[in-house]
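Okay, structure first, notes after.
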Amino acid sequence: MRAVIQAVSSASVRVNGGEPRSIGPGLVILLGVRDTDTLDIVPKLADKCAGLRIFKDENDKLNLSAKDLGYSALVVSQFTLYGDTKKGYRPSFIKAARAPLAVDAYELFLAEMNRQGLRDVQHGEFGADMQVSLVNEGPCTIVIDTDEWAHHS
C-alpha cells in the first residue's frame, strides 16, 4: 500500500458533488492499494499514519502526532498512486488493486484509523468523483510505501 500524508490546518472532500466532509487540523491521507497487497499490513499502516510526528511542539520541533494532539484525518482512495509511466507519458494503472481487494483494504484502513484515537475521521468514497481541498501546515508531505517495509524489516 502507498499513503501520501499531508499535515493540514483544514481540509474537505466533496463526493459526487454532495456536501463537503470537512476536518480541522490534522492529516489528509491519499491511500493507494497495489494488486499484490494483503490486508494484514493495514493496521500497521494506520498506526504509522496516525503516529507520524509531523506537527510542531512548544519548541517548534516536529515532535507531535495527530494522535498526540487529538487531531482529525481525511482519507481519500487514490488508485493513481500506482500509476506507471515507464513506457511513455500516458500512465498505466495495471499495478493498482481492483475491487474487491481495494475496497476491502480502504474500508479496513478507515476502521483502523477510527481506532487510533483521533478526533474525527472523514473520508471519500471508493470509486466516486471527489474534489479535495486543503490548507496545509507548511511543506510537510510524507510518503509511506509498505513495499519498503518488506525490504527493511
Side-chain angles (χ1 to χ4, degrees), residues 1-55 64-86 90-137 140-153:
M1 296 179 78
R2 192 171 284 162
V4 177
I5 301 105
Q6 174 78 52
V8 299
S9 298
S10 63
S12 66
V13 62
R14 187 180 300 269
V15 178
N16 294 326
E19 289 297 313
R21 300 170 186 180
S22 302
I23 64 166
L27 306 170
V28 168
I29 303 171
L30 304 178
L31 185 69
V33 182
R34 186 180 171 135
D35 58 352
T36 56
D37 287 334
T38 59
L39 298 180
D40 62 331
I41 197 72
V42 173
K44 181 178 178 181
L45 179 59
D47 181 63
K48 181 73 81 172
C49 289
L52 281 174
R53 297 186 325 185
I54 59 175
F55 295 96
L64 297 172
S65 69
K67 191 186 308 190
D68 295 333
L69 296 166
Y71 281 177
S72 300
L74 174 66
V75 182
V76 177
S77 63
Q78 194 78 35
F79 77 92
T80 58
L81 292 179
Y82 281 102
D84 181 353
T85 58
K86 289 179 190 167
R90 182 180 171 101
S92 164
F93 301 107
I94 195 79
K95 293 180 182 176
R98 307 291 189 263
L101 171 60
V103 173
D104 291 348
Y106 182 65
E107 289 177 357
L108 180 57
F109 184 80
L110 292 173
E112 290 294 329
M113 287 300 292
N114 276 306
R115 290 187 185 97
Q116 295 299 318
L118 301 174
R119 176 181 307 141
D120 185 28
V121 178
Q122 294 291 324
H123 58 88
E125 300 295 331
F126 185 86
D129 176 40
M130 294 180 280
Q131 292 82 43
V132 178
S133 300
L134 62 91
V135 177
N136 73 14
E137 278 288 320
C140 189
T141 303
I142 305 292
V143 177
I144 298 175
D145 191 336
T146 60
D147 286 348
E148 294 177 2
W149 295 349
H151 303 297
H152 298 97
S153 295

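Only a predicted model underlies this, so the values are computations on that prediction, with no experimental measurement involved.
Tyr106 places a side-chain N or O within 3.5 Å of a backbone atom of Val75 that can act as its donor or acceptor partner. Between the side chain of Asn16 and the backbone N or O of Asp129 there is at least one donor-acceptor pair closer than 3.5 Å.
With contacts defined as side-chain heavy-atom distances shorter than 4.5 Å, the pair Ile54/Leu27 qualifies. The side-chain heavy atoms of Ile29 and Met113, taken from C-beta on, include a pair separated by under 4.5 Å. When side chains are defined from C-beta on, Val28 does not count as touching Val4, because their heavy atoms never get closer than 4.5 Å. Put simply, the side chain of Phe109 does not reach to within 4.5 Å of the side chain of Val33, judged on heavy atoms.
Every side chain to side chain contact (heavy atoms under 4.5 Å, CB included) that Ala111 has, sequence neighbours left out, goes to Arg115. Applying the side chain to side chain contact (heavy atoms under 4.5 Å, CB included) criterion to Pro20, with sequence neighbours excluded, gives Ser12, Arg14, Ser22. Listed by chain and residue number, nothing satisfies the ring pair (Phe, Tyr, Trp, His ring centres under 6.0 Å) test with Phe126 (two or more places apart in sequence, or in another chain). Residues satisfying the side chain to side chain contact (heavy atoms under 4.5 Å, CB included) criterion with Phe79, sequence neighbours excluded, are Phe93, Ala96. In this structure Thr141 satisfies the side-chain hydrogen bond (donor to acceptor under 3.5 Å, both in side chains) test together with Gln6, sequence neighbours excluded. Residues satisfying the side chain to side chain contact (heavy atoms under 4.5 Å, CB included) criterion with Asp40, sequence neighbours excluded, are Thr38.
Applying the salt bridge (Lys or Arg N to Asp or Glu O under 4.0 Å) test to pairs two or more places apart or on separate chains, those with a residue in residues 18-29 are Arg21-Glu125. Legend: salt bridge (Lys or Arg N to Asp or Glu O under 4.0 Å) pairs involving residues 65-84, not counting sequence neighbours, sorted by first then second residue: Asp47-Lys67. Screening residues 94-105 for side chain to side chain donor-acceptor pair (under 3.5 Å) gives no qualifying pairs among residues at least two apart or on separate chains. The stretch residues 28-38 participates, sequence neighbours left out, in these salt bridge (Lys or Arg N to Asp or Glu O under 4.0 Å) pairs: Arg34-Asp147.
Rounding to the nearest 0.5 Å gives a distance of 12.0 Å between CZ of Arg53 and CD1 of Ile142. One finds the NE2 atom of His123 at 12.5 Å from the CD1 atom of Ile23 (value rounded to the nearest 0.5 Å).
Nearest heavy-atom pair, Met1 versus Tyr82, reported as atom, atom and distance to 0.1 Å: C-OH, 3.2 Å.
Considering Leu134, Asn136, Val135 in turn, Val135 is the only one that fulfils the side-chain contact (heavy atoms from CB on, under 4.5 Å) rule with Ser9.
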